[in-house]
Amino acid sequence: MQEKKALKEEKLKQEEKYMWAIVDGVKEKVGNFRVEPPGLFRGRGEHPKMGKLKKRIHPRDIIINIGEDAPVPECPIPGERWKEIRHDNTVTWLCYWSDPINPKLFKYVFLAASSSLKGQSDKEKYEKARLLKDYIENIRAAYTKDFTSKDITKQQIAVATYLIDKLALRAGNEKDDDEADTVGCCTLKVENVTREAPNKLQFNFLGKDSIKYENTVEVELPVYNAILKFQKDKGPSDDLFDKLDTNKLNTHLKELMPGLTAKVFRTYNASFTLDDKLAKDTKDGDVAEKMVVYNHANKEVAIICNHQRSVSKSHSAQMTKLNEKIDELQAVLKELKVDLDRARKGKPPTKSSDGKSKRNLAPEALEKKISQTNAKVEKMRRDMMTKEDLKTIALGTSKLNYLDPRITVAWCKRHEVPIEKIFNKSLIAKFAWAMDVDPDFRF
DNA sequence: ATTGTGGACTCAGAAACTTGGTG
DNA sequence: TCACCAAGTTTCTGAGTCCACAA
């Protein structure tokens, strides 16, 4: 115990000198500062490069970015030196190296999420998404009009924007053959969308991280007809939007609102939904009841964004265990009821299963025990339902990346829910910029 | 001009690790 | 009190988005 603590402190002391950077005179926390150790590349899903050897990174691979007058960090490996020292104040990275699996790509060391630099850009992201509120009505009107445009590019842009808006799909950049075969909106293939007459579309594709997206939605009839047209005379693996790519789409979106891109819709959709659900569903009640409302809203967002997780290996074992516990409590309950009956008639309690005799309790005491046990069973039942309900849903990703923290902070202030109930220590640090929000803030 | 590409940043789920509750 | 285990948190690193710039 003592040893462990000392060991931990020693480790922290060693790492301390890598943990901070002075940016414009302010000490800021650095994100991850370790290079990735060598090993075998796995990749997500069916990755063409699976099993490739990932080579060790040396100081000679690393480019460092520091101020003109800042001292060059000492190279930790004797006899080696850094690849390059740069002084670029237009970027935020502290250093980078080539990804050994794909040398065209870089790996970076950035400041931590809690740094003011990241906080500022996080805030800007949400401000942009909020700006979309002022434009969304016109944007929807415009693309609805273009559902039937004779200009096929315009029509494809309209339908793609509709799907991104309605379903929070990702933009969908082109991918190389040496990457996993996944798609987003612009790269959907004919086979990814099945029409279901008269006006339903069935989506089935692998998205980012090879996570399966399955969703059947009712769409406006002109959209249905446009999809029918885009699929006509094409093979299953042909591009659904053959006149479209993310570049064209974003260029178009920028004409509708300054800085608008496809991903803004995802942020907007997520944050809007949270704000909306909280406003509609929050009732008077205790903190626990309000937490249920919050988690419900969070779940809805996670489903919209298709944030999934694999079922934990021990899930079914855990459920079985909980069931057994409930059964045990039920048996206890049954016995308590018999004893209560007897106690009321002035009889002594029954013998317990191991043959020992029990303490003589007043009926009132037994009644109390029964109601306590009942409450316990109810709580376990609820916990089990929630556990089962959320076994494939990841709530964390949206909390971290899509939900404007000011919605949560303001809601907590209005409803007297401690923010610690919803944000853990690192989220509170990351969202420091949002903590002093006005309680009346709405997204 | 349009398209392609390098570059830099956000977003992603799983694994590893820590904490805390419980029998 | 102690061992266990599930929940919570942090780390890891892969996978997207999108911009700038140039051919």
Short side-chain N/O contact from A:Ser310 to OP1 or OP2 of B:dA14, under 4.0 Å: yes
Distance-only donor-acceptor check, side chains A:Lys175 and A:Thr182, under 3.5 Å: yes
Length of the line joining A:Leu427:CG and C:dT9:P, which is rounded to integer Å: 8 Å
Distance test, side-chain N/O of A:Lys104 to OP1/OP2 of B:dG7, below 4.0 Å: no
Audit row: A:Asp61, A:Arg56, salt bridge (Lys or Arg N to Asp or Glu O under 4.0 Å) steps and yes/no: CA-CA 10 Å; A:Asp61 302 316; A:Arg56 180 179 297 283; over 6 Å; no
Atom-to-atom span, CG of A:Asp245 to P of B:dT2 - whole angstrom: 13 Å
Side chain of A:Tyr402 - closest among C:dT9, B:dG13, B:dC11: B:dC11
A:Lys52 NZ to C:dG14 C1', straight-line distance once rounded to whole Å: 14 Å
Whole angstrom value for the distance that separates P of B:dT10 from OH of A:Tyr268: 24 Å
A:Gln155 and A:Lys229 side chains, donor-acceptor separation under 3.5 Å: yes
Sequence-aligned protein contact record of nucleotides 16-22 of chain C, with B where the base is within under 4.0 Å of a protein heavy atom and S where only the sugar-phosphate is: SBBS---
Sugar-phosphate only, base, or nothing, as touched by A:Ser426 at under 4.0 Å among non-hydrogen atoms: sugar-phosphate
d(NZ, A:Lys107; P, C:dT11) in whole Å: 17 Å
A:Ile101 CD1 - C:dT13 C1' separation (whole Å): 11 Å
A:Lys189 and A:Asp239 ion-paired at < 4.0 Å: no
5' priority, DNA chain B, between A:Lys248 and A:Thr267 [closest heavy atom]: A:Lys248
A:Thr92 vs B:dA8: side-chain N/O to OP1/OP2 distance below 4.0 Å: no
Electrostatic pair A:Asp209-A:Arg44, nearest N-O below 4.0 angstrom: yes
Atom-to-atom span, CG of A:Asn102 to C1' of B:dG7 - whole angstrom: 13 Å
Exercise: do A:Gln202 and A:Asn204 side chains pair donor with acceptor under 3.5 Å: no
Review item, nucleotides 3-7 of chain C N/O atoms under 3.5 Å of protein N/O:
{"from": "C:dA6", "atom 1": "OP1", "to": "A:Lys321", "atom 2": "NZ", "distance (Å)": "3.1"}
{"from": "C:dA7", "atom 1": "OP1", "to": "A:Lys387", "atom 2": "NZ", "distance (Å)": "2.7"}
{"from": "C:dA7", "atom 1": "OP2", "to": "A:Gln318", "atom 2": "OE1", "distance (Å)": "3.4"}
{"from": "C:dA7", "atom 1": "OP2", "to": "A:Lys387", "atom 2": "NZ", "distance (Å)": "3.1"}

Sugar-phosphate only, base, or nothing, as touched by A:Lys313 at under 4.0 Å among non-hydrogen atoms: nothing
Proximity to the side chain of A:Phe106 - top-ranked nucleotide from B:dT10, B:dG7, B:dG6: B:dG7
Lys/Arg N to Asp/Glu carboxylate O, A:Asp286 vs A:Lys290, below 4.0 Å: no
Candidate list A:Arg266, A:Lys125, A:His307, A:Lys263, test side-chain hydrogen bond (donor to acceptor under 3.5 Å, both in side chains), partner A:Tyr402, passing option: A:Arg266
Presence of salt bridge, A:Glu328 and A:Lys325, under 4.0 angstrom: no
A:Asp242/A:Lys234 salt bridge by N-O under 4.0 Å criterion: yes
Whole-Å gap separating P (B:dT10) and NE2 (A:His307): 16 Å
DNA chain B contacts made by residues 32-49 of chain A, counting heavy atoms under 4.0 Å: A:Arg44
A:Asp88 and A:Thr90: side chain donor to acceptor below 3.5 Å: yes
Among A:Asp276, A:Asp275, A:Asp404, the one residue meeting salt bridge (Lys or Arg N to Asp or Glu O under 4.0 Å) with A:Arg442: A:Asp275
